[in-house]
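Taking it in order: structure first as structure tokens, then the write-up.
We count ligands from 1, going down the list as the structure has it; atoms in each ligand are counted the same way.
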Amino acid sequence: MMKITKARVIVCSPGRNFVTLKIETDQGVYGIGDGTLNGRELAVVSYLEDHVIPCLIGRDPRRIEDIWQYLYRGAYWRRGPVTMRAIAAVDVALWDIKAKMAGMPLYDLLGGRSRDGVLVYGHANGKDIDHTSEQVGLYRDMGYKAIRAQSGIPGVKGAYGVGRGDMYYEPADSALPTETLWNTSSYLNFAPRLFERLRADHGEEVHLLHDVHHRLTPIEAGRLGKDLEPYRLFWMEDATPAENQEAFRLIRQHTTTPLAVGEIFNTLWDAKELISEQLIDYLRMTIVGSGGVTHLRRVADFASVYQVRTGCHGATDLSPVTLGTAVHFDTWVPNFGIQEYMRHAPETDDVFPHDYRFEDGYLHAGSAPGHGVDIDEALAAKYPYSPKQLPVARLQDGSMWNW
Ligand code: GCO
Ligand code: MG
């Protein structure tokens, strides 16, 4: 018998807020998990501290599946971003413990390497087309083979994806939500011009991606997909909110631009029809939002039956613990597509020492036992929690829209 002796939540803000779970055992081995929910962090802290941790003490940490089922079924109130992040934090810490005990990098425990490196996409953001094209050039110079491009749009205040400084984009910027303005017709006219220019400046080889961030209706998404076809995008992401999975049938009828969706999904049930009806090409679910490795690998196996590939969310609000775990997952998963890599601020990287590294457009998992990410608690304590929320969006007449 092996036992969990202690579990603690560490909240810190090295550049941005993170919620980290550390699980300790009677054998001296510990594991680290991420439970960060951007803009709603303390809800997960309470869920873990008040409701989950008391149930973990004394349990055998090797029984990952049983603990997952206990937390999922045992809550009675299934699914949702808070519950599934709390479960993910526990699950990832337990996989970390198991892999450390086995003396293996996590990808070996999952079934071993399927590839040499994990193809990533970086973020090029500019205030206008010239600036965005320049940023795409910078990413190409750094070796990126795939680049997401977002640009300021004339007539749209605070367009999604436009950074405040060069190279970094961090939307959760204020204690109360920033108000931004959205204008669909300006955007629909603008986006094809952006990609026409990027292909003219950067050629056919580089993979270009774009995030619509839930702003369109299905028929508008169909039109945009069609207008972007000449520029051969790797994907068009979150074109319309996917609460209604059927909506993607309509988009699919109108365009061959590959579709990605799912960074806000929490379980397989959010994506079941999207996958089984082959309405999407890439699934954006990742470790922290989707109940950890235990659930995500189940989702990926289901997706593989329908030739849907993974495209794990990897914005900076997913801590290095999630990124590191995702890189192990990506190294193994047979139906891998691409991994988002937004690059953390230097303070974040210092607080979370990690084994993964970027080289020539790929992330490499490293060979340390476990998922290869730790937390420097003394350093973390120097960066106290600082409340920040995501922006909201309104239309020109003042009505609320999807940010
Ligand atoms: C992406 C995302 C993010 C989200 C962020 C919200 O594709 O990277 O859309 O940038 O906006 O994760 O917290
Ligand atoms: Mg996105």
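Judged as a salt bridge (Lys or Arg N to Asp or Glu O under 4.0 Å), and not counting sequence neighbours, D355 has no contacts. In terms of the side-chain contact (heavy atoms from CB on, under 4.5 Å) criterion, residue partners of L395 (sequence neighbours excluded) are, by chain and number, W182, D397, S399, W401.
Two rings, from H295 and W68, have their centers less than 6.0 Å apart.
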So what's ligand 1 close to, N/O to N/O, under 3.5 Å?
from	atom 1	to	atom 2	distance (Å)
ligand 1	7 (O)	R148	NH1	3.4
ligand 1	7 (O)	D211	OD2	3.0
ligand 1	7 (O)	E237	OE2	3.1
ligand 1	7 (O)	E263	OE1	2.9
ligand 1	7 (O)	R284	NH2	3.0
ligand 1	8 (O)	E340	OE1	3.3
ligand 1	8 (O)	E340	OE2	2.4
ligand 1	9 (O)	Y160	OH	3.1
ligand 1	9 (O)	D211	OD2	3.0
ligand 1	9 (O)	H213	NE2	3.0
ligand 1	9 (O)	E263	OE1	3.0
ligand 1	9 (O)	E263	OE2	2.8
ligand 1	10 (O)	Y160	OH	3.0
ligand 1	11 (O)	H213	NE2	2.8
ligand 1	12 (O)	H313	NE2	3.0
ligand 1	12 (O)	D317	OD1	2.9
ligand 1	12 (O)	D317	OD2	3.2
ligand 1	13 (O)	N38	ND2	2.9
ligand 1	13 (O)	D317	OD1	3.4
ligand 1	13 (O)	D317	OD2	3.0

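Counting heavy atoms of neighbouring residues, nucleotides and ligands inside a 6.0 Å radius, atom CG of N244 exceeds 12 of them.
Screening H123, E170, H344 against T316 for a side-chain hydrogen bond (donor to acceptor under 3.5 Å, both in side chains) leaves a single residue, E170.
The aromatic rings of W403 and H213 sit perpendicular to each other, their planes meeting at more than 60°, with 30° as the lower class boundary.
At a cut-off of 3.5 Å, with distance as the only test, no side-chain donor of K22 or T20 sits close to an acceptor on the other residue. Remark: the T36 side chain and the N38 side chain contain no N/O donor-acceptor pair separated by less than 3.5 Å. With hydrogens and angles left out, the side-chain atoms of H202 and S133 include a donor and acceptor closer than 3.5 Å.
Within the protein, the N, O or S atoms sitting under 2.8 Å from the Mg ion (ligand 2) are D211 OD2, E237 OE2, E263 OE1.
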